[in-house]
Amino acid sequence: MTARTAEVLLRWPLRICNHRRPWQHRGPQMLMIESFDRGLSHIWSTGPSHRPLAGLTIYKVRYYSQGKTYGQDVVERKQGNSIQTQSSETWSSQSRTSPDQPAKRVPFYDQLRECGSPSDVLDLAGQYTATHRRVSNCLTRCWESTKKMSEEQRRYELRIMFEHAGFEELLQRTMQDARHMRSEDLAYSLLATVKLGVSQRSRVVQTLLRVCQENLNEFDEKSLSVLASCLEHLESSPNGDALKEGVRLMIEALLPSIQNVMSLQTLMRHMGRDTPVDIKKKLERKALSLADQFTLPNSQYMITTLASMGFCSKPLLAVCSRKIAEHVHGVPFNRLVNVLRAYKELHSRDVALFTAISDYVASSISMWNNKQLILFLSAFEDLAFCPTAMLDAFAERVTKNPDALGLKDVLSVLKTYSSLNHNLQDYREPFLEGMTHVVVSYLPKMAASELLKVVYFLCLLGHFPAAPLEQLLQQETLEEISARGGRLQKGMEKKLQIVDLCLRLDRPSLPKPLTVPPEALGSPAPNDLSINPGLSMALQSIAQEGLLQEGMMVEDLYFIDGVITQPKPLQEATGGRAPSEGEFLPPEHSQRIAVFCAPPSSFCYGTSRPRGNLAMKMRHLTVLGYTPVVVLEHELDNLSEEERTELLKTRIFPEQERPANVEKMTD
């Protein structure tokens, strides 16, 4: 026996005696410097880095594990073999089975799929030899197992996971094996680590970011899309920012070869709002080339993807909205609401799609709860779209059971119905009575600001219940409103001014007269509105001299571009008899026509129905003796001076057009 052989034999007993189980800790345990209740934002302590990653300075995150502080940098390539061997021995020691365990075992990945929590995954990982792919799959399964948990259960399971000895070793192996992983496993490891709440400044996350940078050219379409979905939620850091820029360059290079719609959408989201327009156009062309592959979920996701990019692609929206409208019954609630919100972000409208959603929800209203219906209505109100079928169906439901609405529901419903100014016809009175009943029941619980909103919305609807008005106009309530101050004060004063104006002009039938005290109204808003130049020129050309007044402010609230005063038709002014020669008509028999411009947002989209504030303005001008004539701003922009004049003549003097039309019909 040689001396070297004897030395080897003597070392074996020492190895056996010194062998310890990985769960038998010695020295400091994993250091938790931030409580779990803060979202696991920082798990390990930080300090200055010995060597920067990605050629830049970062903050080092020490990694405490089994008595050893891993303060060194990523394992050097020359040390890789020895460390991997040592770690493999540790993991393989856990894979030993007891004599009672059956010899035939279920394959690792079958067991992994059955794990229902991160701790189950870690227990399973300790029974098998670690490989690069198993490490990545264990991390991914830890994350996936928490996806469908409630928030409380998820926090509990993650707490157990971070206290589990196997999780520390799993992250340790992730750092060591990162350079040897396939691009797909690398991307999934980074995604799972971040989603599990491991500090993004920790050594393991920064190592994965660095290795992703080094191997970025090896990433295929799928791996790149997984990596992009992770970077979307990544905090700014030198390694993260460098990787994001590298991924953008890779997306441009791989764009012609991408054939998977989902991967393309993920990459589009990664590009973000700051992407140059020419790159967005390339992405649009690529998406349109794959349009025949769009599934229903693809269509929904594409619309929200365009919103995340801030890119309103009308061709893509048309393709996606058509598919959603055709299969709207197969789209879940959350996705429908997200689609509507995306259209708002894109400042785009699609009447066919909105109508399809409204009709579908109205026809299946029994399967939706009040919260869902109110979210739908709020989304439509944000889009200035009047979902007629839904408004009618929901009003009928509220009429039958108004007490099912909470206080926030009441505020949202009144806001929607007053804004969209929908004519409920036979349901109007029962609906308003039901809403008033609920409002009165919540009066003791309402804050002053909430009460003001409720009364304001009801005034827009032309409904004036006595109990809310009396409580609003009590001195204590008005003092509470004025005491709020700040930037909301002007808005509340404006609402009080409108309530006061409605009480004076609409003259509701109340048990006792009510008025808003002058000191609560504040000062009128300054008139900084200007006359529309095109409208002014057209009005001057059609109005007789001295009969046109421009830039009028009525009741310190309503601005009118121009008022044309003209005598009423003689037969109407004299009660049907023919006027005598030289007969003088008193001023009350003159007609005042109030002409003013309104933006498109003052109307329900796709209709000529005025929304809440404009409808109230027209109602009040009529009460004051004016004949309101509304002209859309964009109607005048694209017309010549002669065309503007003709347009206004038909709006202001419609009776002058009738004889001409009659003559044409008789010819």
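The first residue of the sequence shown is numbered 1, and numbering continues consecutively from there.
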Is the centre of the [X] ring less than 6.0 Å from the centre of the [Y] ring?
X	Y	result
Tyr417	Phe431	yes
Phe394	Phe376	no
Phe385	Tyr605	no

More than 12 heavy atoms from other groups under 6.0 Å of [atom1] on [X]:
X	atom1	value
Arg507	CZ	no
Glu519	CD	yes
Lys344	NZ	no
Asp426	CG	no
Tyr427	OH	no

Which atom pair, heavy atoms only, marks the closest approach of [X] to [Y]?
X	Y	value
Thr565	Arg592	OG1-CG, 4.0 Å
Ser321	Ile303	N-CD1, 4.4 Å
Gly462	Arg428	O-NH2, 4.0 Å
Pro387	Leu420	CD-CD1, 3.8 Å
Leu496	Ile481	CD1-CG2, 4.5 Å
Ile652	Ile542	CD1-CD1, 3.6 Å

Approximate separation, where rounding is to 0.5 Å, of [X] [atom1] and [Y] [atom2]:
X	Y	atom1	atom2	value
Leu614	Asn421	CG	CG	9.0 Å
Ser412	Leu373	OG	CG	11.0 Å
Tyr456	Leu460	OH	CG	4.5 Å
Arg269	Gln265	CZ	CD	8.5 Å
Leu340	Leu336	CG	CG	7.0 Å
Asp350	Cys320	CG	SG	10.5 Å

[X] and [Y] ion-paired at < 4.0 Å:
X	Y	result
Arg341	Asp382	no
Asp278	Lys282	no
Glu396	Lys400	yes
Arg611	Glu381	yes

Any donor-acceptor pair under 3.5 Å linking the side chain of [X] with the backbone of [Y]?
X	Y	answer
Ser418	Lys415	yes
Ser378	Leu375	no
Thr355	Ala352	no
Asp506	Pro508	no
Ser602	Ala598	no
Arg609	His422	no
Arg397	Ile365	yes

Quiz item: Which of these passes side chain to side chain donor-acceptor pair (under 3.5 Å) with Glu555: Gln497, Lys617, Arg504, His620?
Solution: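 Per the side chain to side chain donor-acceptor pair (under 3.5 Å) rule, the option paired with Glu555 is Arg504, out of Gln497, Lys617, Arg504, His620.
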[Y] side chain reached by [X] side chain, heavy atoms, under 4.5 Å:
X	Y	answer
Val630	Pro610	no
Ile324	Leu296	yes
Gln471	Val455	no
Arg335	Pro297	yes
Met309	Leu283	yes
Asp561	Ser536	no
Leu317	Tyr343	yes
Phe596	Met552	no

Quiz prompt | Side-chain H-bond candidate by donor/acceptor type, Asn338 with Thr304, under 3.5 Å | solution =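 No, no side-chain donor-acceptor pair sits under 3.5 Å.
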Practice problem: Please step through side chain to side chain contact (heavy atoms under 4.5 Å, CB included) for the pair Val339 and Leu353, ending with a clear verdict. | Solution: CA-CA 10 Å; Val339 165; Leu353 174 62; 4.2 Å; yes
Exercise. Kindly indicate, with the supporting measurements, whether the criterion side chain to side chain contact (heavy atoms under 4.5 Å, CB included) is fulfilled by Val439 and Met446.
Key: CA-CA 9 Å; Val439 167; Met446 276 192 196; 3.9 Å; yes
Exercise. For the pair Lys445 and Glu450, evaluate side chain to side chain contact (heavy atoms under 4.5 Å, CB included) and give the outcome as yes or no after the intermediate values.
Key: CA-CA 10 Å; Lys445 304 177 182 178; Glu450 293 173 332; over 6 Å; no
Quiz item: Passes side chain to side chain contact (heavy atoms under 4.5 Å, CB included), Asp392 versus Leu424? Steps please.
Solution: CA-CA 6 Å; Asp392 290 338; Leu424 289 171; 3.6 Å; yes
